[in-house]
Novice: 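Quick one: this structure, given as structure tokens, is what I'll be asking you about.
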Amino acid sequence: MERVELRTIEELMAALHACRDAWDAPDRSGDPVDLHDHALQTAALLRRERPSDKELQVAGLVHDLGHWLHPGDDAGHADSAAHAVRGLLGERVARLVQLHVPAKRYLTAVEPGRALSAQSALTLDAQGGPMTAQEVAAFAADPLAEDAVALRQADDAGKVVGLDAGVMEDWRPVLELVARTAAAYAP
Ligand SMILES: [Fe+2]
Ligand SMILES: [Fe+2]
């Protein structure tokens with residue numbers, strides 16, 4: 001599969017706008033909000049939880065772009081989204097995006113009674129199921145583990161039909177800020 005890179009804020013904003021009426025499951029059997037509203041809700045929840053962590057917020061905004069880039073590729077959607085934004089938004093954002101599926105596998109292992117949306121429960125198997133004890137230990141040792149769990153919790157909560165979480169254009173200056181910082185620290 002050809003992997004896509006989003007090279008400018010313009011391209012990224014166009015992708016985010018195109019998520020309007022795009023769905024995590026192309027046949028609409030999945031989560032009840034479209035990818036556009038899910039992105040806005042996830043980012044808004046993270047802004048409330050972590051007002052100063054712009055990278056975490058934008059990671060929430062872009063975390064499911066893989067569903068739009070490659071419809072139907074549940075197992076690969078976190079990696080393809082991470083790849084798409086790495087050059088523009090930097091390594092930390094890319095890793096947080098990548099970790100949103102492992103974080104689900106982690107949380108279902110450490111909190112077996114945890115409620116998932118029907119779609120999340122369905123795709124968990126394709127994504128490897130709950131982590132083994134060894135995988136849990138490795139995940140917990142990652143310096144980004146706590147942030148990845150925060151993103152995952154917002155992800156799970158950001159699926160409310162009809163909830164107004166603002167407009168996509170409000171995120172443009174935040175994305176520009178994160179991109180500028182990433183460019184300044186690029187190796
Ligand atoms: Fe996802
Ligand atoms: Fe999501």
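Indexing begins at 1, ligand by ligand and atom by atom, following the structure's order.
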Novice: Does either side chain, that of D155 or that of H63, offer a donor lying less than 3.5 Å from an acceptor on the other one?
Specialist: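 On atom types as modelled, these side chains qualify, holding a pair under 3.5 Å.
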Novice: Of all N/O/S atoms in D155, which lies nearest to the Fe ion (ligand 2)?
Specialist: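 Result: OD1.
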Novice: Can you confirm whether the side chains of D24 and H77 place a donor and an acceptor under 3.5 Å from each other?
Specialist: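 No, because no side-chain N or O of D24 sits under 3.5 Å from a partner of the opposite role on H77.
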Novice: Closest to the Fe ion (ligand 2), which N/O/S atom of D64 is it?
Specialist: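 Of the nitrogen, oxygen and sulfur atoms in D64, the Fe ion (ligand 2) lies nearest to OD2.
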Novice: Indicate if the distance from the Fe ion (ligand 2) to the nearest N, O or S atom of D24 falls below 2.8 Å.
Specialist: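 For D24, the answer is no, given that no N, O or S atom comes within less than 2.8 Å of the Fe ion (ligand 2).
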Novice: What's the shortest heavy-atom distance between A150 and R50, and which atoms?
Specialist: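 In this case the closest contact between A150 and R50 is CB-NH2, 3.8 Å.
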Novice: Write the atom name of the N, O or S atom in H100 that is nearest the Fe ion (ligand 1).
Specialist: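 Restricting H100 to its N, O and S atoms, the minimum distance to the Fe ion (ligand 1) goes to NE2.
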Novice: Is it true that some N/O/S atom of H67, main chain or side chain, lies under 2.8 Å from the Fe ion (ligand 1)?
Specialist: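 So H67 does not bind the Fe ion (ligand 1) by this criterion.
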Novice: Looking only at N, O or S atoms, find the one in H38 nearest to the Fe ion (ligand 2) and name it.
Specialist: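 The closest N, O or S atom of H38 to the Fe ion (ligand 2) is NE2.
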Novice: Between the side chains of K159 and S120, is a donor N or O closer than 3.5 angstrom to an acceptor N or O?
Specialist: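 Yes, a side-chain donor-acceptor pair sits under 3.5 Å.
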Novice: If you look at every heavy atom in A103 and A148, which pair is closest and at what distance?
Specialist: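 In this case the closest contact between A103 and A148 is CB-O, 3.7 Å.
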Novice: Please check if any side-chain donor atom of T123 sits under 3.5 Å from a side-chain acceptor atom of D74, or the reverse.
Specialist: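 On atom types as modelled, these side chains do not qualify, holding no pair under 3.5 Å.
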Novice: Within H77, is some N, O or S atom less than 2.8 Å away from the Fe ion (ligand 1)?
Specialist: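 Looking at H77, which is the residue asked about, there is an N, O or S atom under 2.8 Å from the Fe ion (ligand 1).
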